[in-house]
K.L.:
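Input: one structure, supplied below.
Order of the sequence lines fixes the chain letters, A, B, ..., with proteins taken first and strands second; residue numbering starts at 1 for each chain. Basis for what follows: all heavy atoms, side chains included, without hydrogens, waters or symmetry-related copies.
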Number of protein chains: 2
Amino acid sequence: MPAPERTSLAEVVAAGCDLLEEAGPTGLTMQAVAGRVGVRAPSLYKKVRDRDELLALVATDAAEDVGTRLASTDGTLAGLVRAYRSFGHDRPEAFRLLLTARPDPGTPQRMSEPVLRAAEELVGPERALEAARFATAWVTGFVSMELAGSFHLGGDLEDAFDYGLERLAAALVPPA
Amino acid sequence: MPAPERTSLAEVVAAGCDLLEEAGPTGLTMQAVAGRVGVRAPSLYKKVRDRDELLALVATDAAEDVGTRLASTDGTLAGLVRAYRSFGHDRPEAFRLLLTARPDPGTPQRMSEPVLRAAEELVGPERALEAARFATAWVTGFVSMELAGSFHLGGDLEDAFDYGLERLAAALVPPA
DNA sequence: ACCTGAACACCGTTCAAGT
DNA sequence: ACCTGAACACCGTTCAAGT
């Protein structure tokens, strides 16, 4: 009765990430994931409690990806914002998932800390949290709408992004 | 062979809206909607092509709600932004749906036009579109994150919102 | 100890048969 | 002309039985 495992949790999560982007949230079925890792659906329940936990693990993977991307920028608000937008372009479904499913506690910290530091650099410690939220809300909304096709009035999206980034910087200056 | 209809499209859409808020997108099943309007699931296919079309109709209803709310503000950017946020608080699932499903063409116009006018008032016609997108992206992101519980660093959300609104106004001033 | 087929409850959707 | 039960394909999930 040896029975070595034919897959691993990491492989299952990776298959989940791939399927999410290729087929959307509804395409991320237990059967499809199982097929990817060469096993039958019931076997997945040895690795995860249920589909919701798998989604949370995929969300955590996405949050870690964001954290890593942010950490390898120059740390300026513009750099952080651009890195976050790139993540949204590279993994649109994961971006959306992060606004729905809750990743592991602890991981979100890696996403917010660099932004908080950049905001503090600009407006000082007093209003750093509010300034960070201002910037985060803007870029989150911009990329969400961009991915959803919600900018339906034509015009150049890059213009709108550059304009927003410039106005953001102008808005976040030390208090008089 | 008279057979008068036992429900109507409007009733079906209204039931869809209610169920969406009460049970989330996954709770909005054809069987649950059918139960609400006193009919069996197959009968719904006399009113809508499939579940996706029902979701689009619910999204259209939500977009019209937003349009009406925006139209009954004072037309200032602050007024519009506050009305949009109130919509998100009153119908959180519908708010999320608007960032996913596409409502009927034409309806989005009613949502963006008042914002465009307010932006033009502030920065002039040259950059009105970009300014409107700046404001829209910020409030969309703020409410999305608020509803998702993504502001995980404590602090007062009303402070963050008021700060953002104030910085938004400061950022959107006529060019020098 | 992991894997599997079979089973169950639940979906969306179609369609022939009722009235 | 609308409504329905029955049916089909597809989910997520459980579990006893295999190795």
K.L.:
Can we say Glu5(A) and Lys47(A) salt-bridge, meaning some charged N sits less than 4.0 Å from an Asp/Glu carboxylate O?
P.N.:
yes
K.L.:
Provide, to the nearest angstrom, the distance between the NZ atom belonging to Lys47(B) and the P atom belonging to dC2(D).
P.N.:
6 Å
K.L.:
Is there a side-chain polar atom (N or O) of Arg51(A) under 4.0 Å from OP1 or OP2 of dT13(D)?
P.N.:
no
K.L.:
Please state how far atom CD in Gln31(B) lies from atom C1' in dT13(C), giving the value in whole angstrom units.
P.N.:
11 Å
K.L.:
Whole-Å distance between dC3(C) P and Glu5(A) CD?
P.N.:
7 Å
K.L.:
As an exercise, state the distance from CD of Glu121(B) to CG of Leu77(B), rounded to the nearest 0.5 Å.
P.N.:
11.0 Å
K.L.:
Answer yes when Arg96(B) and Glu93(B) have at least one side-chain N-carboxylate O distance shorter than 4.0 Å, and no when they do not.
P.N.:
yes
K.L.:
Would you say that more than 12 heavy atoms from the other residues, nucleotides or ligands in this model lie under 6.0 Å from the CD of Glu21(B), or not?
P.N.:
yes
K.L.:
Send over the distance from Met30(A) CE to dG12(D) P, rounded to a whole Å.
P.N.:
7 Å
K.L.:
Within this structure, what is the CG-to-C1' distance between Leu44(A) and dT4(C), rounded to whole angstrom?
P.N.:
12 Å
K.L.:
Under a cut-off of 3.5 Å for both distances of each Watson-Crick or G-U pair, what dot-bracket string does DNA chain D give, using [ ] for crossing pairs and | for inter-strand pairs?
P.N.:
||.|||||...|||||.||
K.L.:
Is the shortest distance from a Lys or Arg side-chain nitrogen in Glu22(A) or Arg36(A) to a carboxylate oxygen in the other one below 4.0 Å?
P.N.:
yes
K.L.:
Among the candidates dC3(C), dC15(C), dT14(D), find the nucleotide nearest to the side-chain atoms of Pro42(B).
P.N.:
dC15(C)
K.L.:
Would you please confirm or rule out a distance under 4.0 Å between OP1 or OP2 of dT4(D) and any side-chain N or O of Ser43(B)?
P.N.:
yes
K.L.:
By nearest atom, which of the nucleotides dC2(C), dT4(D), dT14(C) is closest to the Arg6(B) side chain?
P.N.:
dT4(D)
K.L.:
Within the structure shown, what part of the strands sits under 4.0 Å from Thr29(A) by heavy-atom distance: base, sugar-phosphate, or nothing?
P.N.:
sugar-phosphate
K.L.:
Is the charged tip of Arg85(A) near the ring of Phe142(A): under 6.0 Å from the six-membered ring centre and within 45° of its axis?
P.N.:
no
K.L.:
Closer than 4.0 Å, any side-chain N/O of Arg40(A) to the OP1 or OP2 of dC2(C)?
P.N.:
no
K.L.:
Tell me: CG of Leu9(B) to P of dC2(D), nearest whole Å?
P.N.:
13 Å
K.L.:
Tell me the interatomic distance from Arg49(B), atom CZ, to dT14(C), atom C1', rounded to whole angstroms.
P.N.:
15 Å
K.L.:
Is Glu113(B) salt-bridged to Arg117(B), cutoff N-O under 4.0 Å?
P.N.:
yes
K.L.:
Nearest whole Å is fine: how far is dC11(D) C1' from Leu54(A) CG?
P.N.:
15 Å
